[in-house]
Every structure is written in structure tokens, then in C-alpha cells.
Number of protein chains: 2
Amino acid sequence: MRQKRTNDPEGMRRRVLDVAEESFQARGYHASSLGDLMAAAGVTGGALHHHFPTKKALALAVIEERVAAAVDQTWIAPVRAASSAREGVRAVFEAVAAELERQGFVRGCPLNNLAHELSLADPDFRIALAGIFAGWRLAIADKLRVDRQAGRDEGTDPERYATLAVAAYSGAMSMAKTAQDAGLLRDCLAGLEQGAPSSQSGLVERRRRRVLPRPRTL
Amino acid sequence: MRQKRTNDPEGMRRRVLDVAEESFQARGYHASSLGDLMAAAGVTGGALHHHFPTKKALALAVIEERVAAAVDQTWIAPVRAASSAREGVRAVFEAVAAELERQGFVRGCPLNNLAHELSLADPDFRIALAGIFAGWRLAIADKLRVDRQAGRDEGTDPERYATLAVAAYSGAMSMAKTAQDAGLLRDCLAGLEQGAPSSQSGLVERRRRRVLPRPRTL
DNA sequence: GACAAAACAGGACAACCGGTCTGTTTTACA
DNA sequence: TGTAAAACAGACCGGTTGTCCTGTTTTGTC
């Protein structure tokens, strides 16, 4: 009888963050109890407390490591890689809408979900979340500045467009989550592109309002 | 010694709803305990339970009576009374931004605040909240349909524009709440009007980024 | 291999939460 | 005025929450 236990600090920390990220999204911060998280992650109280002294510390880690990464992966990287800012925004809207329709239910935007619940609850939360929003907007605005240097989209103000794009996405996702209808994202994108200047906006296909098959009973 | 007590069912119910509405906005549903609400409203447990058997029933009443009314008063009525849909949307954005700057802090949109926390928590919550969103969009779309019948704004699709307007507002308010900066609402509005067709959009005044004086320490 | 620190186990606890229960007072109505 | 229902008071309870605390085991280092 040897080795009853194998210490794996990074792995255990990762497992806890995985479970916490998931639960905070699905149930929210206050509705997620540490007991549930411990059970779901297969972690004891001692281990959890060792890596995250308080629930707040855990949430802060989720925000700074997971939520920020999600925004990076979903939005910032695709926009940077796109041919233009507008095209990047369009592509992300459509990619997310398609993914949600495939999933069959809408869980909402990770950043906005936590932002609404925690922004007013604690200044540390608020600062961390506000920083992610700012980085998100900055990435879009920077991309648009590059476009303008190339002579494209000169009638568009970068900061304003970035704010509008982020706001439209956040709000559309909020509605889509409440209505459990990913089509609202497509409607919002269509409205966004409708007002686009100097775009050969041909017939954008009429929205197909599809009732999501799995309305997510919690 | 007569009349130790005066029964006032409506008044007591109203007081409870007042306190609950306020607390749900400021702290959220799960973070608001019935004990706090009772103390704040000066109501005993018996009275509270008599009017609202469960916490869920209380929240449902807040949503259906208070949040819906807030959307009506802030958005639907002003849009209906405006000279056009676009003008109505512009006026509401500016009115809210001005009010927030006067207040000195941003508490967020009542509907979105509760929608994020409660949409996935309970189907009854979700249905009630989704209905308010739908009514909000419908009011804007209907107004735009009237505009189009009068020959104005014929290049704009009513449903899509309504969805965009509501989403942009919701998202902008979300960011404004997180950043505690009402100016983001103005940025978003500027971006929205920038893309407006057939509008003699002259110089929209450059945004004055003002740091809000009272950052709200909770 | 000695030893200190990190990593983990698991119980204990005080505070709090939402709901229930019994009892009293007020009010509507016959 | 009698009476039943509505309105309210206030104590009570089982369950849960986040955190802390005391041990035990593993791991890195000399």
C-alpha cells in the first residue's frame, strides 16, 4: 500500500475553476454553493480552501482567467484575424448564433452574466469586469483604425462603433437568453449591417425564426 | 387605548414591493434576504408571508408590476409620443444618460438586471421577463411601421431596428453599470445614429468623457 | 534520511436563510 | 352585535452556507 494520494496542485486548481466557471454561468455566483462545487469537482473543503481562501477569490480567478480568455477566444482573436472590423463583427455574430442553435439553448454571455450580478456587489469584481469590457472594445476599435488607415470605412468613428458592436452583442445575447431564441442575435446583426455605410448590402436573407428544440428545463 | 394597529393591505403590499424592487436592483435577487427586506420595509414575517407566500412570488410581483411599469414609463410611452421611432430612441438614450449623470452612479437596467440572474433560474421568471422584452421591441417596431406608412425611413426593417435598439441600450447600460460611466450610453447612441440612413446627421457633438463624481461604494 | 513547507483531508461551527406555525387584532358583512 | 374571514404579529425550525481549524500526507531540498 503506497501512495494513497497524488498531489497535483495545477490539476486540482484547474478542475475547481472548470466547475466554478460552469456553475457561475448556469446558476450564477450567489446561487452556486461551495458545497455543490466541491462535490462536482470531487474536491474536499481543505483543498478548495488551500487554492482559493474565499469564494470571492475563486470568482475573481474565474473572471480573470476564464471569462477574459473566453472573450479573447470568441471575440478579440477572430476580429483581429478578420479582413475588416465590420466583417469580424459579422462573423462572430453569425458563428455564435450558429453555435447556439446547434446547442439548442442559450446560456448567455459569460462576461455579461457575471457583470450584472457582481458589478455592484464588490469593487474588485467591478474593476476586473470593466477591464475585460474595455479590452474587448479596444480590440474592435483598433481593428477599425487599421481599416481607416487603409482608406476603408472612413465615415465610422472607431470608439463609437466598437461600443455599439459590443453593446449590441451583449444586449442581443441578453434577450436571446431570456427568450431562449438565438435568432435575436441574427436580427440584431441584420439591424447593425442595415445601417452600415458604403456597404453593398444586398438582400440580407430574411430571418428564419426557428423555435429552439431544447428549451432547457432547469 | 384603542386601535393598536391599522390594517392597510394595499399600503403594506406597496411598501414591500418598493423595498423589494429597490433591493433586487441594488443587490440582486439571491443577495437580498427576506430578513433585510422585512427590516427595511418595517414589516413582520407574518405580514410579508400573507401578501407573498414565497420569495419567488414576491419577485414575480416585482417583475410583473414594477419592472414592466418601468419599461413602460421609460421607453414605451416616450417612444409612442415621439415624432418618429428613431427620434424616440434618441430621446430616451439621452434622457437616461442625463439622469444617470445627475445621479452620479449607474445601477443598470431593471429588466436586464433581473433577466440575467433569473432567466435560467426558473421558467416562470423567464417567461415573465421575455414578455416584457417582447413588448418593448414591439412598441419600437410599431412606431417605425407608422413612420414607414408616412413614407419615412422606408429602408429600415421594423423588427430588426427594434431589436437593435433594445439590444444596444441593454448592452450599453450593462457596460455603463460595470464601468460606472454613463458616457458609454452616449457613445452607443452616436454609433447607432452614425449608421442611420437618410438622416441629415450633422456633427454629433464629440463625447465628453466625464468621470462620474460618486462611484458608489457598496 | 531529516525536515520544513506545500498539498490535501475532513470535521466543526456560528450565522443565516426561507418557510411554517400559532395566536391576536382588525375589518367586512349579515 | 355577532361572527367569520382577512390582516397582521412574532416566535420557531430544519437546512444550508461560507469559513475555519486541526490533522495527515506528499514533496522539494540540504
Check ion pair [X]-[Y] (N to O, under 4.0 angstrom):
{"X": "E87(B)", "Y": "R90(B)", "value": "yes"}
{"X": "R107(A)", "Y": "E22(A)", "value": "yes"}
{"X": "R13(A)", "Y": "E10(A)", "value": "no"}
{"X": "D18(A)", "Y": "R66(A)", "value": "yes"}

From [atom1] of [X] over to [atom2] of [N], roughly how many Å is that when rounded to an integer?
{"X": "H49(A)", "N": "dA9(C)", "atom1": "NE2", "atom2": "C1'", "result": "14 Å"}
{"X": "F52(B)", "N": "dG18(C)", "atom1": "CZ", "atom2": "C1'", "result": "16 Å"}
{"X": "R27(B)", "N": "dC17(C)", "atom1": "CZ", "atom2": "C1'", "result": "15 Å"}
{"X": "M38(A)", "N": "dG11(C)", "atom1": "CE", "atom2": "P", "result": "10 Å"}

Q: Could you tell me which residues satisfy side-chain contact (heavy atoms from CB on, under 4.5 Å) with A20(B), sequence neighbours excluded, listed by chain and number?
A: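 Testing A20(B) for side-chain contact (heavy atoms from CB on, under 4.5 Å), a comparison that skips the adjacent residues, returns F24(B), L37(B), L58(B), V62(B).
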Q: State which residues pass side-chain contact (heavy atoms from CB on, under 4.5 Å) with L138(A); sequence neighbours excluded, sorted by chain then number.
A: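 Checked L138(A) against side-chain contact (heavy atoms from CB on, under 4.5 Å); matches are D142(A), R145(A).
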Run the side-chain donor-acceptor check on residues 169-178 of chain B: report pairs under 3.5 Å with partners two or more places apart or on a different chain.
| from | atom 1 | to | atom 2 | distance (Å) |
| --- | --- | --- | --- | --- |
| S170(B) | OG | N112(B) | ND2 | 2.9 |
| S170(B) | OG | V166(B) | O | 2.9 |
| S174(B) | OG | N112(A) | OD1 | 2.7 |
| K177(B) | NZ | H116(A) | O | 2.9 |
| K177(B) | NZ | N113(B) | OD1 | 3.0 |
| T178(B) | OG1 | S119(A) | OG | 3.1 |
| T178(B) | OG1 | S174(B) | O | 3.0 |

Q: Mind listing the closest non-hydrogen atom pair of L164(A) and C188(B) along with its distance?
A: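 Closest approach of L164(A) to C188(B): CD1-SG, 3.8 Å.
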Q | Exercise: identify the closest heavy-atom pair between D181(A) and G183(A) | A |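 That would be OD1-N, 2.8 Å.
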Atom pairs under 3.5 Å, N or O on each side, protein against nucleotides 14-17 of chain D: can you list them with distances?
| from | atom 1 | to | atom 2 | distance (Å) |
| --- | --- | --- | --- | --- |
| dT17(D) | OP1 | S33(A) | OG | 3.4 |

Q) Just by distance, do the side chain of K55(A) and the backbone of S32(A) share a donor-acceptor pair under 3.5 Å? A)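 Yes; judged by distance alone, with no hydrogens or angles, the pair exists.
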Q: Report the residue (L48(A) or A47(B)) whose heavy-atom-nearest nucleotide on DNA chain D is the more 5′ of the two.
A: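 Counting from the 5' end, the first nearest nucleotide belongs to A47(B).
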Nucleotide N/O to protein N/O under 3.5 Å, stretch nucleotides 4-7 of chain C:
| from | atom 1 | to | atom 2 | distance (Å) |
| --- | --- | --- | --- | --- |
| dA7(C) | OP2 | H50(A) | NE2 | 2.7 |
| dA7(C) | O5' | H50(A) | NE2 | 3.4 |
| dA7(C) | O4' | N7(A) | ND2 | 3.3 |
| dA7(C) | N3 | R5(A) | NH2 | 3.3 |

Q.
So for the helix from dG1(C)-dC30(D) to dA30(C)-dT1(D), with five pairs setting each end axis, what is the inter-axis angle to 10°?
A.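 Nearest ten degrees gives 20° for this helix.
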